[in-house]
Structures are given as C-alpha cells and as structure tokens.
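Whatever order the structure lists them in is the order used to number ligands and atoms, beginning at 1. Just so it is clear, the model here is predicted, and its values are computed rather than measured.
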Amino acid sequence: MEPVFLGAVTILALLEQAYFSLQVIYARRKYSVSPPSTTGPAEFNRVYRAQANCSEYFPLFITALWTSGIFFSEGVSSLCGLLYLYGRLQYFWGYASAAQGRLAPLYFCANVLWALIGCSALGVFLSFSKIYLDVDVRQTASAALGLH
Ligand code: JUQ
C-alpha cells in the first residue's frame, strides 16, 4: 500500500517550512533588514533564528519520519509527525515573542524526534532480523498475544 499518511504529513511539513520562510521575508520588510544582512533588532533576530533552527532539523525530522513509517508503523510515525509539526509551530511562535518562549515546545519536539529515531531503529532491526536471521519478532509477538 502507498504510504498516504506519510505523504500527507510530508506535504504539511513542507507548507509549514514555507510559512516560516514567509515570516522571515515579512520580518525583513518590517524591520528593514536587507540581504545579505542576517541581523537587526532582537525581534527580527528571533524570527530569523526560529526559521533557521526549524530548517536545520527538517532533514532529520523527514528522514526519521519516513524510516520509522516504512519500517516500524505508518500510523505511529504519522501521529508523531503531526505532533512534531504542531510543536515546531509553537516553537516558532514562542521564539518570535521571547527567547524563553521557545523552550517548552523545543523539549517537546526533541522528545518526539527521539521517539521517531527510536521507532526507526526498532523497525530496521525487526526487518533485518526477519530477512537475515529468519526471526520474525512481530509474528512471534502477535502469535503470543493471541492476535492470530
Ligand atoms: C541533534 C541531533 C539529533 C535532538 C533530539 C533528537 C535527535 C534537539 C536539540 C533542537 C533545536 C534550537 C534552539 C528536535 C539534546 C540532544 C537529535 C537532536 C539534536 N535535540 N535542539 C535547537 C536549536 O532554539 O535552541 O531546534 N532540536 C532538537 O530536536 C535534543 C538534543
């Protein structure tokens, strides 16, 4: 089956990144900070850094989202993806109003990213053990739980 939910979360993620970039463009106009300058009033610097930080973590997020979604569980992964995107939006708005405001959403996003990385590792391990060690942990677990 096509991973439709992962695709939908990915599109949402791209739109969120576009929204952050637009906010930087608006902040440049509002505070008269022309490229290549990347600094200005504190209000501008916070919006600029919020966007830069979200972009820095975007490749990690997307790769963990897809690895976890393909190898572990599309449902769990997509849900984590939505939580991460929600957290990043709170992070961006929090950082835009005060440096302190970014912290709670940041810890939340970090935890969600760890969960995605953990699910990725577990999923890849389960596939490896099934294909190369001929040990199907999922099958064994669901049989033991009486799900068959
Ligand atoms: C680096 C590589 C992998 C991380 C969590 C999970 C995996 C983050 C740290 C940010 C920011 C923003 C700011 C979303 C203690 C291990 C990771 C990973 C970090 N952690 N920082 C920072 C720059 O405003 O200060 O966005 N995001 C993280 O994860 C926690 C880190």
Side-chain angles (χ1 to χ4, degrees), residues 1-133 135-138 140-142:
M1 279 294 283
E2 293 93 342
V4 190
F5 289 104
L6 294 179
V9 173
T10 301
I11 293 167
L12 213 59
L14 294 171
L15 292 176
E16 186 176 89
Q17 285 297 116
Y19 167 77
F20 294 156
S21 290
L22 271 173
Q23 297 313 301
V24 174
I25 293 171
Y26 297 150
R28 279 192 179 280
R29 287 200 200 128
K30 185 172 175 187
Y31 300 106
S32 306
V33 181
S34 303
S37 181
T38 55
T39 54
E43 289 78 8
F44 171 82
N45 296 342
R46 290 199 306 270
V47 171
Y48 180 84
R49 284 313 311 170
Q51 189 271 341
N53 290 339
C54 292
S55 302
E56 189 177 321
Y57 283 87
F58 193 71
L60 278 85
F61 166 65
I62 291 292
T63 48
L65 174 77
W66 278 85
T67 309
S68 160
I70 298 288
F71 287 94
F72 184 70
S73 155
E74 188 183 6
V76 169
S77 186
S78 302
L79 205 69
C80 286
L82 288 178
L83 290 175
Y84 183 88
L85 294 180
Y86 172 77
R88 274 300 175 190
L89 201 58
Q90 297 302 319
Y91 168 86
F92 186 88
W93 288 337
Y95 204 170
S97 46
Q100 185 74 20
R102 80 190 205 284
L103 289 178
L106 173 57
Y107 299 148
F108 177 77
C109 287
N111 287 332
V112 176
L113 188 56
W114 280 125
L116 282 171
I117 293 171
C119 290
S120 301
L122 184 60
V124 170
F125 171 78
L126 293 178
S127 288
F128 180 88
S129 108
K130 183 176 154 192
I131 298 167
Y132 295 103
L133 309 176
V135 177
D136 194 339
V137 180
R138 284 177 199 261
T140 309
S142 62

query = Can a non-hydrogen atom of Tyr91 be found less than 4.0 Å from any atom of ligand 1?
reply = yes
Within 4.0 Å of some non-hydrogen atom of Ile117, the atoms of ligand 1 are 7 (C)
*asked:* Quick check on Tyr31: does its OH atom have over 12 non-hydrogen neighbours (other residues, nucleotides or ligands) under 6.0 Å away?
replied: yes
Practice problem: Using distance alone, with no hydrogens and no angle criterion, decide if Asn53 and Tyr91 have a side-chain donor and acceptor under 3.5 Å apart. | Solution: yes
In terms of heavy-atom contacts, Pro59 and Thr63 come closest through O-OG1, 2.7 Å
Self-check item: Heavy atoms of other groups near Phe58 CZ, more than 12 under 6.0 Å
Solution: yes
for atom 5 (C) of ligand 1, nearest protein heavy atom and its distance come out as Trp114 NE1, 3.4 Å
One finds that the ligand 1 atoms under 4.0 Å from a non-hydrogen atom of Asn53 are 12 (C), 13 (C), 23 (C), 24 (O)
Assess the pair Phe128 and Tyr132: is the distance between their ring centroids shorter than 6.0 Å?
yes
>> Please check whether Arg102 reaches ligand 1 - meaning an N/O of the residue sits under 3.5 Å from an N/O of the ligand, judged on distance alone.
In response: yes
for atom 17 (C) of ligand 1, nearest protein heavy atom and its distance come out as Leu113 CD2, 4.0 Å
Residue, atom and distance of the protein heavy atom nearest atom 18 (C) of ligand 1 read Tyr57 CE2, 4.0 Å
Margin query: Pairs of nitrogen or oxygen atoms closer than 3.5 Å, one from Tyr95 and one from ligand 1: do any exist?
Written below: no
- Mind checking whether Phe61 and Tyr84 have parallel, tilted or perpendicular rings, split at 30° and 60°? parallel
Looking only at protein heavy atoms, what sits closest to atom 22 (C) of ligand 1 is Leu106 CD1, 3.8 Å
Flag atom 31 (C) of ligand 1 as yes if some protein heavy-atom distance to it falls below 4.0 Å, otherwise no. no
Review point. Any luck finding a side-chain donor-acceptor pair between Thr10 and Trp66 under 3.5 Å?
Key: yes
Requested in this report: Determine the interplanar angle of the Phe92 and Phe20 rings, folded into 0 to 90°, and report it as parallel if under 30°, tilted if 30 to 60°, perpendicular if over 60°.
Outcome: parallel
Atom 20 (N) of ligand 1: closest protein heavy atom, distance to 0.1 Å, is Ala110 CB, 3.8 Å
If you measure only the distance, is there a donor-acceptor pair under 3.5 Å linking the side chains of Ser21 and Gln17?
no
Looking only at protein heavy atoms, what sits closest to atom 3 (C) of ligand 1 is Leu60 CD2, 3.4 Å
For Arg88 and ligand 1, answer yes if some heavy atom of the residue is under 4.0 Å from a ligand atom, otherwise no.
yes
